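Report on one structure; see the data block that follows.
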Amino acid sequence: MITHEFLARPALEVAPDLLGTVIEHDGVAVRLTEVEAYAGEQDPGSHAFRGRTRRNEVMFGPAGYLYVYFTYGMHTCANVVCGTDGTAQAVLLRAGELISGEEAARSRRTSARTGRVPAVRDLARGPARLAQALGLTLDDYGADLLGPGTVRLLPGEERIDPGVIRTGPRVGVRGPGGDGTAYPWRFWIDGEPSVSDYRPAAPLRRRS
DNA sequence: GGATTGATAGTCT
DNA sequence: GACTATCAATCCA
């Protein structure tokens with residue numbers, strides 16, 4: 001059982017502990033294999049960096065709720081709000097392994113244009129893919145993950161060996177002091193095929 | 001009202 | 001393996 005106390009800690013501590021846990025929605029369950037911590041307003045990579053807005057409002061609330069945001073106009077990314085009330089910390093769910101509900105997930109992930117079906121291991125590999133495989137939409141924004149709602153966060157079947165947990169820096173995101181320090185705020189399970197490809201540098205494409 | 005953001009899918013080498 | 005167009009909502013002035 002995952003408790004509120006478990007999530008009401010700094011995102012950096014919660015993130016590695018979330019590896020191996022299961023998020024479930026609408027008949028589809030995914031075992032998390034890759035996550036990324038966001039430390040609120042002090043974190044330039046966080047949506048909360050520029051203060052509280054309508055979109056990120058949930059992050060400023062208590063832990064245990066789902067923060068969903070839109071990207072690419074049609075995709076969504078899911079985050080678990082953690083930390084204490086008001087600190088705007090969250091953990092982005094980057095990738096996971098599908099453990100049940102494969103039918104539904106595959107049908108959701110089937111390309112509407114070409115009808116092509118992704119490989120099984122690709123069904124939840126990537127933040128937007130994971131959210132889509134689970135069927136999460138803005139309707140699920142602010143959902144209570146610990147309550148009896150449609151979206152639930154469950155303990156994993158087996159405990160993850162700390163030895164297989166890997167961390168990496170989020171290149172491009174530097175320390176508050178501009179000292180060039182990159183925080184190793186990305187966590188994944190080593191050897192998992194469902195972990196998304198490592199993209200070192202942010203694809204900075206400035207429009208002219 | 002206008003500009004920016006953001007991950008993916010599809011295509012090409 | 002790598003690159004670019006894509007869409008809609010959100011943010012700021």
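Just so it is clear: chains get the letters A, B, ... in the order the sequence lines come, proteins before strands, and each one is counted from 1. Keep in mind that this is a model prediction, so the values were computed, not measured.
In terms of phosphate contacts, T114(A) brings a side-chain nitrogen or oxygen within less than 4.0 Å of OP1 or OP2 of dG10(B). At the phosphate of dA9(B), neither OP1 nor OP2 sits under 4.0 Å from any side-chain N or O atom of S111(A). Residue R109(A) places at least one side-chain N or O closer than 4.0 Å to OP1 or OP2 of dA9(B).
Salt-bridge check for R52(A) with E41(A): failed, with every basic side-chain N at 4.0 Å or more from each acidic carboxylate O.
dC7(C) atom P lies 18 Å from atom CG of L138(A), rounded to whole Å. Across the protein-nucleic acid pair, F49(A) atom CZ and dG6(B) atom P stand 12 Å apart, rounded to whole Å. If you measure from atom NE2 of H75(A) to atom P of dA5(C), you get 17 Å, rounded to the nearest angstrom. As rounded to whole Å, 14 Å separates atom C1' of dA7(B) from atom CZ of R125(A). Atom CG of D122(A) is separated from atom P of dG10(B) by 12 Å (rounded to the nearest Å). Atom-to-atom, OH of Y69(A) to P of dA8(C) comes out at 18 Å; the value is rounded to the nearest Å. Rounded to whole Å, the distance from CD on E57(A) to C1' on dT10(C) is 14 Å. The distance between atom CZ of R52(A) and atom P of dC11(C), rounded to the nearest whole Å, is 13 Å.
G83(A) and A63(A) get closest at one heavy-atom pair: O-CB, 3.4 Å.
Here the nucleotide nearest the side chain of F70(A), chosen from dA9(C), dA7(B), dT10(C), is dA9(C). Closest to the R116(A) side chain, of the nucleotides dG10(B), dT10(C), dA7(B), is dG10(B). Side-chain atoms of R129(A) lie closest to dA9(B) of the nucleotides dC11(C), dG10(B), dA9(B). Across dT8(B), dG6(B), dC11(C), the shortest atom-to-atom separation from the side chain of T71(A) is found for dG6(B).
Considering only heavy atoms from C-beta on, Y65(A) comes within 4.5 Å of D144(A) through its side chain. Taking 4.5 Å as the limit, every side-chain heavy atom of Y38(A) sits out of range of all side-chain heavy atoms of M59(A).
Few gaps surround CZ on R109(A); more than 12 heavy atoms of other groups in view lie less than 6.0 Å from it.
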